[in-house]
Amino acid sequence: MRDEQITAALLDWYDRHARVMPWRVGPGERRAGVRPDPYAVWLSEVMLQQTTVAAVRDYFRRFTARWPTVGDLAAAEDGDVMGEWAGLGYYARARNLLKCARVVAGEHGGRFPDSRAELLKLPGIGPYTASAVAAIAFDRPETVLDGNVERVISRLRLVETPLPAAKPELTDLAGELTPVERPGDYAQAVMDLGATICTPKSPACGICPWREPCLARAAGVQADLPRKAPKKAKPVRYGIAYLARRADGAWLLERRPESGLLGGMLGWPGSEWGEAPEEAPPVAAEWQDVGAEVRHTFTHFHLRLALRVAEVPEGVRPERGSFLPRDRFRPSDLPTVMRKAFDLAATARRD
DNA sequence: AATACGTGGTT
DNA sequence: TAACCAAGTAT
């Protein structure tokens with residue numbers, strides 16, 4: 001099967017099976033002349049970095065409802081954007097999202113650059129996202145290489161080199177199949193294929209548009225590709241978080257430093273997270289031990305977070321953090337681990 | 001090149 | 001239950 005036929009077979013499949021997404025201009029619409037909004041494409045692509053479509057859907061809708069244009073987002077308060085991103089994870093994305101919006105609004109007249117090279121210069125836009133926005137929003141013949149494409153191409157071409165060493169080779173192989181016509185549809189088609197047919201564990205080869213040319217399937221090794229280096233075990237870290245409620249219902253919270261874990265997000269003041277944390281109460285009070293701990297897993301460690309709660313009178317001055325009035329505190333503004341702590345403390349207080 | 005960086009669904 | 005995995009980027 002020639003490369004052009006392989007490409008055509010996938011586009012043909014995409015025309016019939018493209019998934020519907022709030023940010024996507026489907027193949028039919030595109031054919032009718034509808035062009036995607038680059039802002040929507042960029043926003044969705046950043047949200048989709050290492051994140052499932054299901055998790056992104058509602059966040060995308062809330063963001064675009066609240067900030068319909070890149071100019072609106074650029075003018076937003078940092079805390080509002082971080083709060084709206086809360087729960088989606090990888091919070092550097094939200095910080096870079098704002099930086100990027102402000103560069104586009106301030107230095108590019110509110111229009112996203114339409115070339116991969118220019119997009120690559122923007123904060124939070126790396127090789128994948130630059131190609132994705134160039135291809136999907138501007139129909140540039142750029143090649144996307146994400147986890148889906150790595151899997152699909154390593155199987156199609158029987159690439160046995162383990163990741164991430166195989167990336168350059170996979171980039172070349174993927175590039176050979178990228179068409180000059182409909183590159184935006186093609187980019188989305190390969191990713192849809194990887195997400196729905198050519199899945200990690202049990203690929204549905206029987207209904208795959210590439211079942212004939214697929215070398216891994218011919219060899220019967222499709223489920224073993226791509227090869228990857230084994231992952232390191234996650235250590236367990238321990239920490240203590242302090243939830244202080246003032247008599248008027250305000251909660252003691254702090255804005256975390258801009259860099260590092262949960263950077264820029266709201267959180268409960270607490271100890272360091274390590275082997276044996278020391279008590280670090282942010283305000284003098286009668287702290288009560290909550291008889292349960294939050295268990296939460298981050299990318300590279302497991303956390304067991306002990307909780308202390310206290311009721312404090314109005315007028316106290318905390319050593320760390322500041323009191324957020326009851327009507328300005330939304331638990332949904334917290335990153336998940338901090339929201340878990342709030343939920344658990346609330347449950348324990350009722351018991 | 002290797003590591004830091006979240007979370008929730010699936011197996 | 002625990003490992004695996006998802007439309008990666010920055011350093």
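Here is the naming used below: chain letters follow the sequence lines, and residue numbers restart at 1 for every chain.
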Notebook entry, point to check: Looking only at atom P, what distance separates dG6(B) and dT11(C), rounded to whole Å?
Noted result: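 After rounding to an integer number of Å, I get 14 Å for this pair.
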
Notebook entry, point to check: Name the one of Arg227(A), Lys167(A), Arg155(A) that satisfies salt bridge (Lys or Arg N to Asp or Glu O under 4.0 Å) with Glu150(A)?
Noted result: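 That would be Lys167(A).
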
Output the rounded distance in Å from [atom1] ([X]) to [atom2] ([N]).
X: Phe298(A); N: dA2(C); atom1: CZ; atom2: P; result: 18 Å
X: Leu305(A); N: dG6(B); atom1: CG; atom2: C1'; result: 15 Å
X: Met47(A); N: dT9(C); atom1: CE; atom2: C1'; result: 16 Å
X: Leu48(A); N: dT7(B); atom1: CG; atom2: P; result: 17 Å
X: Gln50(A); N: dA4(B); atom1: CD; atom2: C1'; result: 12 Å
X: Glu258(A); N: dT11(C); atom1: CD; atom2: C1'; result: 16 Å
X: Arg93(A); N: dA6(C); atom1: CZ; atom2: C1'; result: 10 Å
X: Tyr59(A); N: dG8(B); atom1: OH; atom2: P; result: 7 Å

Note to self: Would you say Glu45(A) and Tyr128(A) are linked by a side-chain donor-acceptor pair, where the criterion is simply a distance under 3.5 Å?
What the structure shows: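 Yes - a donor-acceptor pair under 3.5 Å links their side chains.
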
Mind checking if [X] touches a base, just sugar-phosphate, or nothing, with heavy atoms under 4.0 Å?
X: Val337(A); value: sugar-phosphate
X: Arg19(A); value: base
X: Arg151(A); value: sugar-phosphate
X: Thr129(A); value: sugar-phosphate
X: Leu88(A); value: base
X: Gly260(A); value: sugar-phosphate
X: Pro164(A); value: nothing
X: Lys228(A); value: sugar-phosphate
X: Gly87(A); value: sugar-phosphate
X: Met338(A); value: nothing

Among [options], the one nearest [X] by side-chain distance:
X: Lys231(A); options: dA6(C), dC4(C), dT9(C); answer: dC4(C)
X: Lys232(A); options: dG8(C), dT3(B), dT7(B); answer: dT3(B)
X: Asn96(A); options: dG8(C), dA10(C), dT7(B); answer: dA10(C)

Next item on the list: Answer yes or no: does a side-chain N or O of Tyr90(A) lie under 4.0 Å from OP1 or OP2 of dA4(B)?
Entry: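 Negative; the distance criterion is not met.
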
Next item on the list: Return no unless some side-chain N or O of Thr336(A) is found under 4.0 Å from OP1 or OP2 of dG8(B).
Entry: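 For dG8(B), OP1 or OP2 has a side-chain N or O of Thr336(A) closer than 4.0 Å.
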
Next item on the list: Kindly assign one of parallel, tilted or perpendicular to the pair Trp23(A) and Phe60(A), based on the angle between their ring planes and the thresholds 30° and 60°.
Entry: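 Trp23(A) and Phe60(A): perpendicular rings.
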
Note to self: Quick one: does any side-chain atom of Arg93(A) pair with a main-chain N or O of Val46(A) as donor and acceptor, under 3.5 Å?
What the structure shows: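 At least one qualifying donor-acceptor pair exists.
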
In plain terms, say whether [X] and [Y] are close enough for a salt bridge, that is, a side-chain N and a carboxylate O under 4.0 Å apart.
X: Asp78(A); Y: Arg255(A); answer: no
X: Asp58(A); Y: Arg61(A); answer: yes
X: Glu169(A); Y: Arg157(A); answer: no

Margin query: At less than 3.5 Å, do the side-chain atoms of Tyr128(A) and the base atoms of dG8(C) form a donor-acceptor pair?
Written below: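 Side chain to base: no pair present.
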
Margin query: Once hydrogens and angles are ignored, does a donor-acceptor distance under 3.5 Å link the base of dG8(B) to the side chain of Thr51(A)?
Written below: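 For Thr51(A), whose side chain was compared with the base of dG8(B), there is no donor-acceptor pair (under 3.5 Å).
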
Item checked: First of Ala130(A) and Thr52(A) reached from the 5' end of DNA chain C, by closest nucleotide ->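 On the 5' side of the pair lies Thr52(A).
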
Note to self: Can you work out whether Lys201(A) or Leu145(A) has the more 5'-proximal nearest nucleotide on DNA chain C?
What the structure shows: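 Comparing both residues, the 5'-ward one is Lys201(A).
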
Item checked: First encountered from the 5' end of DNA chain B, between Ala54(A) and His300(A) ->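 Closest to the 5' end, via its nearest nucleotide, is His300(A).
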
